[in-house]
Engineer: 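I have a structure I would like to understand better, so I am pasting it below and will then ask my questions one at a time.
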Amino acid sequence: MCELKSNLSGAIESFSQLERILQKIDNRSNEIGIVLFNCFGLLDITIVRHFLRWQRTYKPITDQWIKTASLFDALVSMATFRLNENIANTAIIVDDGGVAYSARSIYHPFLGKKAVRNNFDIKDKEFYIITGANMAGKSTFLRTLGVNYILAMNGLPVFADEMRISLFHLFTNMRTTDDLTHGISYFNAELLRLEQLISNLKPDTPSLIILDEILKGTNSLDKLNGSRLFLEYISKRNVTGVIATHDLELSKLEEENPQRFHNYSFEIELGTDVTYTYKIGKGVARNQNATFLLKRILH
């Protein structure tokens, strides 16, 4: 705190000087007075000289003031967050040398009391393929993992009963969009994001990637083949991954390489209505709801 105050030294005085300069500019609204003051006192030239002197004096340190004020504002926001979120808990940071992520009763902070909590463990260089019906909770769960990791890395409490994590590089791809202005289609945006992911990987730095569907925007067979190709390529790097998908065929990667790939799912129950549990479990999702819900609309 003392360092922050010292970095802001002189800021109040500079703003006082700038306020006086602005007041002189504001006084120019008196048309008769401005003519007289410029004729006998060269008021405009004086204002410009004062501003140039202010600029020479304080410009070199202005960036430091802005950065310090921004840091102070961030610290106040973080302290306010910690004070208000008294039900959150402190994460334990471990020096594992790879990706370690273990959470008990983790949930998304935006859901509050209605959140369904889940247990989940992520081990270094292993991949977790998450399947499930629409609206079953896949995307929210991926965001839960990412948001709580960012909170922990900033020294903030996390929304889990227990959470143990290591230091690693996090890369997510949750909401890719097209860009008509630059002629980038949805599929092209997906490719650019995956290319960015690959270029950011470092052999000596463990990485966790969180992907919500791979290669959205192409046909099912091409998407499946491309997704398999990407996962087989990335699994040979210093990478750990959590991938949500509707392609149930991707779950066969566990059969081919059970040491690296693991199947998890958010299952639903179909009866007279759709029942969502929002609980993650091992295995591949059995039920889908798109046709079921569409039939209800078309009935």
Side-chain angles (χ1 to χ4, degrees), residues 1-31 33-34 36-38 40-93 95 108-110 143 145-159 163 165-175 177 179 181-182 192-193 196-197 199-202 204-208 210:
M1 186 60 68
C2 293
E3 183 180 352
L4 290 178
K5 288 183 178 179
S6 65
N7 288 340
L8 292 173
S9 176
I12 296 178
E13 180 184 352
S14 73
F15 292 141
S16 298
Q17 294 181 20
L18 186 59
E19 184 179 11
R20 289 194 292 270
I21 294 172
L22 293 174
Q23 184 62 49
K24 291 178 181 179
I25 295 175
D26 189 57
N27 291 338
R28 295 179 73 259
S29 60
N30 187 326
E31 296 179 359
I34 194 61
L36 293 176
F37 283 123
N38 269 313
F40 299 103
L42 301 177
L43 177 62
D44 284 354
I45 294 178
T46 302
I47 293 175
V48 172
R49 288 181 58 202
H50 286 171
F51 177 72
L52 291 176
R53 186 185 304 123
W54 181 91
Q55 190 178 46
R56 286 195 301 269
T57 303
Y58 296 109
K59 184 178 179 180
I61 201 173
T62 301
D63 286 342
Q64 176 181 305
W65 290 342
I66 295 173
K67 291 179 181 178
T68 302
S70 298
L71 176 58
F72 188 80
D73 183 57
L75 292 175
V76 170
S77 298
M78 293 168 70
T80 302
F81 177 87
R82 179 176 284 275
L83 177 65
N84 292 335
E85 300 298 340
N86 55 359
I87 61 173
N89 297 297
T90 302
I92 299 174
I93 312 298
D95 185 11
H108 197 289
F110 288 177
R143 291 185 174 93
L145 296 177
V147 166
N148 280 289
Y149 179 76
I150 296 300
L151 289 174
M153 288 297 101
N154 283 279
L156 294 172
V158 297
F159 293 82
M163 185 170 170
I165 52 173
S166 61
L167 299 176
F168 50 81
H169 177 252
L170 176 66
F171 190 99
T172 67
N173 185 17
M174 297 294 299
R175 190 177 294 175
T177 58
D179 188 343
T181 304
H182 296 90
L192 292 174
R193 186 63 172 164
Q196 182 184 8
L197 185 161
S199 65
N200 283 334
L201 297 179
K202 298 179 180 179
D204 56 345
T205 303
S207 297
L208 173 65
I210 299 178

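Hydrogens, waters and symmetry mates are skipped; everything else that's a heavy atom, side chains included, is used. This structure is a prediction, so every number in the text was calculated from the model and none was measured.
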Engineer: With rounding to the nearest 0.5 angstrom, report the CE to CD1 distance, Met163 to Ile93.
Structural biologist: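 These two atoms lie 7.5 Å from each other.
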Engineer: Got Arg143 and Phe110 here, is their nearest side-chain heavy-atom distance under 4.5 Å?
Structural biologist: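 Heavy-atom side-chain distance check fails, nothing below 4.5 Å.
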Engineer: Taking atom CG of Leu52 as the centre, does the number of heavy atoms from other residues, nucleotides or ligands within less than 6.0 Å exceed 12?
Structural biologist: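 Counting other residues, nucleotides and ligands, CG of Leu52 exceeds 12 neighbours.
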Engineer: Say you draw a straight line from CD1 of Ile66 to CG of Leu71; how long is it, rounded to the nearest 0.5 Å?
Structural biologist: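 Rounded to the nearest 0.5 Å, the CD1-CG separation comes out at 13.5 Å.
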Engineer: Apply side-chain hydrogen bond (donor to acceptor under 3.5 Å, both in side chains) to His50 and list each qualifying residue two or more places apart in sequence or on a separate chain.
Structural biologist: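 By the side-chain hydrogen bond (donor to acceptor under 3.5 Å, both in side chains) rule, His50 matches Lys24.
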Engineer: Return yes when atom CG of Asp95 has more than 12 non-hydrogen atoms of other residues, nucleotides or ligands closer than 6.0 Å, and no otherwise.
Structural biologist: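 It does not: Asp95 CG has 12 such atoms or fewer within range.
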Engineer: Just how far is it from atom CG of Leu170 to atom CG of Leu145, taken to the nearest 0.5 Å?
Structural biologist: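 These two atoms lie 9.5 Å from each other.
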Engineer: What's the spacing between Ile210 CD1 and Asn173 CG if we round to 0.5 Å?
Structural biologist: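 Those atoms lie 11.0 Å apart.
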Engineer: Test of understanding: with side-chain hydrogen bond (donor to acceptor under 3.5 Å, both in side chains), list the residues that count as partners of Gln196, not counting sequence neighbours.
Structural biologist: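 So Gln196 forms a side-chain hydrogen bond (donor to acceptor under 3.5 Å, both in side chains) with Arg193.
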Engineer: Looking at Arg49, I want to see if its CZ is surrounded by more than 12 non-hydrogen atoms of other residues, nucleotides or ligands under 6.0 Å.
Structural biologist: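 Open: at most 12 neighbouring heavy atoms sit under 6.0 Å from CZ of Arg49.
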Engineer: Which side-chain N or O atoms in residues 148-158 pair as donor and acceptor under 3.5 Å with protein atoms at least two apart or in another chain?
Structural biologist:
residue : atom : partner : partner atom : Å
Asn148  : OD1  : Phe159  : N            : 2.7
Asn148  : ND2  : Tyr107  : O            : 3.2
Asn148  : ND2  : Thr144  : O            : 2.9
Tyr149  : OH   : Phe168  : N            : 3.1
Tyr149  : OH   : Phe168  : O            : 2.8
Asn154  : ND2  : Ile150  : O            : 2.8

Engineer: Are Gln55 and Thr62 side-chain neighbours, meaning at least one heavy-atom pair lies under 4.5 Å?
Structural biologist: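 In short, these two side chains do not touch, never coming nearer than 4.5 Å.
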Engineer: For the residue pair Phe171 and His169, does the interplanar ring angle fall in the parallel (under 30°), tilted (30 to 60°) or perpendicular (over 60°) class?
Structural biologist: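 Tilted: the ring planes of Phe171 and His169 meet at 30° to 60°.
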Engineer: Going from CH2 on Trp54 to CZ on Arg20, what distance comes out if it is rounded to the nearest 0.5 angstrom?
Structural biologist: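 So the gap between those two atoms works out to 12.5 Å.
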Engineer: Rounded to the nearest 0.5 Å, how far does CZ of Arg56 lie from CZ of Phe51?
Structural biologist: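 So the CZ of Phe51 and the CZ of Arg56 are separated by 11.0 Å.
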